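Each remark here refers to the structure printed beneath this line.
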Protein chains: 2
Amino acid sequence: MASAQNTRERLLDAAEGLFFQEGIAVTGVDRVAEAAGVAIVTLYKHFGSKDNLLREVLARRLAAWTRHWDAALAAATTPGGRLLSVFDAIESFRAAAGATQWCCFLATASERAVPDAGAGDPVFALIRQDTRLVAGRLGDLAREALCADPDGVAASILLLYNGVLSSLLRGEPADPVAHARAVARSVIDASPREPASGA
Amino acid sequence: MASAQNTRERLLDAAEGLFFQEGIAVTGVDRVAEAAGVAIVTLYKHFGSKDNLLREVLARRLAAWTRHWDAALAAATTPGGRLLSVFDAIESFRAAAGATQWCCFLATASERAVPDAGAGDPVFALIRQDTRLVAGRLGDLAREALCADPDGVAASILLLYNGVLSSLLRGEPADPVAHARAVARSVIDASPREPASGA
DNA sequence: GTTATGGTATAACGGTCGTTATGCAAAGTA
DNA sequence: TACTTTGCATAACGACCGTTATACCATAAC
């Protein structure tokens with residue numbers, strides 16, 4: 001009845017929910033399989049190992065997050081609005097994904113011992129990829145907006161972005177996205193602009 | 001040779017280092033005892049259980065963090081400086097404590113399944129206590145500084161505080177404390193003040 | 001010299017973990 | 001009909017987990 005694709009996604013859904021609501025190490029593969037309504041053997045047929053399952057969950061999240069941000073980016077019109085689109089993306093992502101606890105990449109990073117010089121570990125590679133995506137895009141958007149100090153503006157917004165995520169974990173302040181967007185807007189407005197020098 | 005007090009603190013030191021650098025669930029009690037240079041039996045003589053050990057580590061961290069903030073608070077002179085003292089406290093705490101990965105309370109919250117309505121669990125009680133400390137103090141300081149919207153200012157600074165902590169975990173932006181302090185200062189400066197109406 | 005204290009080593013317990021092997025049942029496809 | 005795919009149930013493995021029991025060894029105080 002259930003196609004292979006369907007089973008895969010149900011396993012990924014179950015793992016995503018359990019890993020980031022109860023903790024990765026604490027969640028056994030048996031509970032993931034049970035929540036997905038499949039046998040443990042099927043889980044291993046599909047993913048080979050728990051670590052591999054985690055990797056695919058993170059990869060899927062990264063792809064979904066990128067899509068949401070792309071959409072929010074496309075909806076923004078002004079350069080300042082494009083810089084603020086990260087926060088719109090957080091809201092739309094959380095609304096669509098059912099608001100899993102907080103940031104799955106930071107949660108994973110917090111739970112796993114950082115490997116020697118970050119070598120090898122493909123899970124940590126995904127975490128770094130997420131960081132590069134956010135930091136890189138914010139820098140590009142700040143340059144797009146002709147900020148005189150694009151790296152400084154990008155760093156401030158990345159700080160606020162991280163603040164929103166961990167505030168969701170802490171539960172306070174309530175509605176961190178709205179606060180972050182307001183502070184970010186004032187940071188952008190206060191930032192001096194480069195004269196748009198023609199090439 | 002080693003006094004009981006000494007052994008206790010060595011165990012707490014070892015647990016603090018391992019729990020928050022490698023993860024709580026992943027770190028076995030044997031590794032904690034080994035790192036402290038004591039026998040596993042001694043660990044259980046002192047703390048009774050792993051969960052109790054974690055609880056005492058968190059309590060000690062909360063007390064140390066409060067002391068650092070108190071000191072930074074005493075060193076500040078202006079109302080605005082008192083609001084910004086959280087960030088000084090982060091720096092002095094990390095300089096003194098050897099910069100354990102990031103915030104031990106958020107790390108614990110991330111790794112443990114949130115209990116039903118937060119009932120009972122003494123570990124989560126400590127996490128909530130930390131949140132209340134920071135949020136409450138920031139609100140008081142904002143009122144002290146006669147901000148017209150003290151709760152809004154406190155929320156923004158708490159957001160930046162959370163941002164600093166998770167930025168330390170992510171590793172980017174580098175030097176988040178300096179960025180947070182700068183943004184917080186502009187938030188405070190831009191915030192309208194209440195006329196100091198006499199009682 | 002006895003007693004209390006703080007610590008050790010060894011070993012075991014029940015449990016859970018990630019993982020794999022074996023064998024069987026259904027369903028689609030040719 | 002025959003074959004491949006996809007999934008199931010059962011069981012077991014080796015390892016590690018948190019925890020406890022038992023017995024022994026120092027030191028120092030009374």
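Below, read A as the first sequence line, B as the second, and so on, with proteins coming before strands; counting in each chain starts at 1. Because the structure is predicted, anything quoted here is derived from the model rather than measured.
Rounded to whole Å, atom P of D:dG7 lies 8 Å from atom CZ of A:Arg10. Rounded to an integer number of Å, the gap from A:Leu53 CG to C:dC17 P is 15 Å. The nearest whole Å value for the distance from the NZ atom in A:Lys45 to the P atom in D:dT4 is 15 Å. Remark: C1' of C:dG6 and CG of B:Leu43 are 14 Å apart, rounded to the nearest angstrom. In this structure, the NZ atom of A:Lys50 is 11 Å from the C1' atom of C:dT16, given to the nearest Å. Rounded to whole Å, atom C1' of C:dA21 lies 14 Å from atom OH of A:Tyr44. Between the CZ atom of B:Arg31 and the C1' atom of D:dC17 there is a distance of 13 Å, given to the nearest Å. One atom, CZ of B:Arg55, and another, P of D:dG18, lie 16 Å apart when rounded to the nearest Å.
Salt-bridge formation is detected for the pair B:Arg112/B:Asp51: a Lys NZ or Arg NE/NH1/NH2 atom is positioned less than 4.0 Å from an Asp or Glu carboxylate oxygen.
The environment of B:Glu144 atom CD is dense: over 12 non-hydrogen atoms of other residues, nucleotides or ligands sit within 6.0 angstrom. Surrounding CZ of A:Arg185 are at most 12 heavy atoms belonging to other residues, nucleotides or ligands under 6.0 Å away.
The shortest distance between the side-chain N/O atoms of B:His46 and the OP1/OP2 oxygens of C:dG6 is not below 4.0 Å. Taking 4.0 angstrom as the limit, A:Thr42 places none of its side-chain polar atoms (N or O) nearer than this to OP1 or OP2 of D:dT6. Within the 4.0 Å cut-off from OP1 or OP2 of D:dG7, at least one side-chain nitrogen or oxygen of A:Thr7 is found.
Although no hydrogens or angles enter the test, the distance criterion places a donor-acceptor pair under 3.5 Å between the side chain of A:Asn162 and the main chain of B:Glu172.
Nearest-nucleotide positions on DNA chain C place A:Asp30 closer to the 5' end than the other of A:Val41 and A:Asp30.
Among the nucleotides C:dT19, D:dT19, C:dT8, the one closest to the side chain of A:Ile40 is C:dT19.
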